[in-house]
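Comments concern the structure below.
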Amino acid sequence: MALKLNDHYLQKFIRPQEYTNIQPAITAAHKQLVTRSGAGNDYLGWVDLPENYDKEEFARIKIAADKIRKSCDVLIVIGIGGSYLGARAVIEFMNGQLYNQVNGDAPDIYYAGRDISAASMNELLRICEGKDVCINVISKSGTTTEPAVAFRVFRALLEDKYGKDGARERIFVTTDRARGTLKSFSDEAGYETFVVPDDVGGRYSVLTAVGLLPIAVADIDIDALMRGANDARLAFSDDNIENNDCYRYAAIRNILYRKGKVTEILVGYETYAQMFNEWWKQLYGESEGKDSKGIFPASVIFSTDLHSLGQFIQDGTKNQFETVISVESSEDHFTIPNDPNNIDGLNFLSGMELDAVKNKAMLGTLLAHEDGGVPNIVLELKDRSAYSLGYMIYFFELACAISGYVLGVNPFDQPGVEAYKKNMFALLGKPGYEDQKAALEARL
């Protein structure tokens, strides 16, 4: 197995009987999922996706990625939330945060339409100056404000530089299969399109064309990514939490939640995990935060954040638990040099692998936080390969669905996300929102 759950640092906090007690709820959630009888069952396309994905589209993704790599210096990925987070999480987990600085002849990959910021837009436009540019716009409707504005800007940039015919060869659209503003516009303009499946929500979409096209441009093995996800699908089919680490993780989360542990901190020990943490936060936050319920998803990168948040985690409010991702094997090696003068007093580390120091820091932190009353789940990831990452992605998606059902919410909708949009449209003067605009302005 590419991912294993280590519950050694939970034994002070969860008694064996508590696992027995929660098993019926896990079994019920499993039944809801496999029989598609639970809330949000219209959005379960991700469940069998690693096996039943569109092979013809998958082949086109590879061809398009190769075309982008050969024709572009920069790929701008336009999307917000699940439309870009999954791809960026995979690219940086596999290739590092400094991918654009060390990627050789491969295209740099930047992200637009993920915020409302003139500063960000101007920075990206400066980056594109004098470069050959392609764009991949990802939006099911094409009318979401942030990516729609970015698409306007970068489409105009490409048309001004290459003409409409030339721009057509550099614009790749991932959108609805058959309907929507962006789909209609793309068909009329002649852009190559890929599909956002109707039955896969944005935060579960990383293993669809939404994530796979940018990932393939970064020269990551998407076949291995899908194999890992499919093997996880097969491995986690037993509803018994004694045999299923994925369901056991979901059970542990709910056991701790019922004990007042309402914040989960995902811990990575590598900077390349930072965007994966962000993807995880959206997956769990948007899936579980409903009906005044849910575990608040937070994240840290240790040891960096031990020097900022470590004090709070160790001695602060005891309403949290940690889930630590430990990458067990690495191809990266660095040996700490010797200093003849031993100025820093660290010659006892001379000749030691830097990863060995990191691992001791992790073990020391686990023990300290356990002593401080903070439960720790450790997820041991075999390595940093595309296969293992695909395995871990599916692990978290499946655990999120099961955990949400146990919690008693619909893990696949996001009704609260629309509230700010309606207010924003009203305040901006969008037609049809006149009454709401007056009411909102009276409150300001």
Side-chain angles (χ1 to χ4, degrees), residues 2-13 88-104 263-281 297-318 320-386 388-389 392:
L3 187 72
K4 295 180 181 179
L5 188 151
N6 178 348
D7 61 4
H8 177 76
Y9 304 96
L10 292 169
Q11 293 174 14
K12 289 183 179 179
F13 307 97
R88 186 170 181 182
V90 172
I91 290 168
E92 294 193 7
F93 196 96
M94 293 293 302
N95 294 340
Q97 280 191 321
L98 300 180
Y99 165 76
N100 287 341
Q101 286 72 50
V102 297
N103 60 5
T263 297
E264 179 177 11
I265 305 172
L266 189 67
V267 180
Y269 274 82
E270 297 281 359
T271 56
Y272 62 66
Q274 186 166 358
M275 289 309 301
F276 186 87
N277 288 0
E278 296 300 315
W279 170 80
W280 174 88
K281 284 194 287 190
S299 67
V300 291
I301 298 294
F302 288 162
S303 63
T304 302
D305 289 325
L306 287 172
H307 297 263
S308 57
L309 296 173
Q311 172 63 39
F312 187 94
I313 296 169
Q314 183 74 38
D315 291 336
T317 309
K318 299 306 176 191
Q320 58 204 304
F321 65 97
E322 293 173 289
T323 296
V324 179
I325 297 176
S326 171
V327 180
E328 299 296 286
S329 176
S330 175
E331 295 182 357
D332 289 305
H333 300 283
F334 188 88
T335 302
I336 298 173
N338 186 65
D339 179 2
N341 297 315
N342 198 23
I343 293 171
D344 49 23
L346 292 179
N347 269 358
F348 68 97
L349 299 178
S350 297
M352 189 177 293
E353 281 281 330
L354 199 55
D355 263 3
V357 177
K358 177 191 71 179
N359 290 337
K360 296 302 182 186
M362 181 180 72
L363 292 172
T365 303
L366 285 166
L367 294 170
H369 288 183
E370 181 187 32
D371 290 343
V374 182
N376 268 259
I377 306 163
V378 180
L379 298 176
E380 298 169 346
L381 185 67
K382 182 179 180 181
D383 54 36
R384 195 181 166 189
S385 66
S388 293
L389 184 53
M392 182 164 65

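Under 3.5 Å, the side chains of S388 and K382 contain no donor-acceptor pair of N or O atoms. In the model, E92 has no side-chain atom that pairs as donor or acceptor with a side-chain atom of Q274 under 3.5 Å.
Here the side chains of L349 and V357 are in contact, with some heavy-atom distance below 4.5 Å. Looking at L379 and T323, their side chains come closer than 4.5 Å, going by heavy atoms from C-beta outward. Using a 4.5 Å heavy-atom cutoff, the side chains of F302 and H307 are not in contact. By the 4.5 Å heavy-atom criterion applied to side chains, D7 and Y9 are not counted as neighbours. In this structure, H369 and I313 have side chains that are in contact, with non-hydrogen atoms separated by less than 4.5 Å.
By the 4.0 Å N-to-carboxylate-O rule, D355 lies too far from K360 to be salt-bridged with it. Under 4.0 Å is where a charged nitrogen must lie from a carboxylate oxygen, and between R88 and E278 no such pair does.
Only one option out of V327, I301, I325, V324 pairs with Y269 in a side-chain contact (heavy atoms from CB on, under 4.5 Å); it is V324.
Taking the side-chain contact (heavy atoms from CB on, under 4.5 Å) definition, one finds that A361 meets it with nothing, sequence neighbours left out. For N347, the side-chain contact (heavy atoms from CB on, under 4.5 Å) partners two or more places apart in sequence, or in a different chain, are N338, D339, N342, S350. Partners of T263 according to the side-chain contact (heavy atoms from CB on, under 4.5 Å) rule, which considers only residues two or more places apart in sequence or in another chain, are I265, F296, A298, N319, Q320.
At most 12 heavy atoms of other shown residues, nucleotides or ligands fall within 6.0 angstrom of atom CD in E331.
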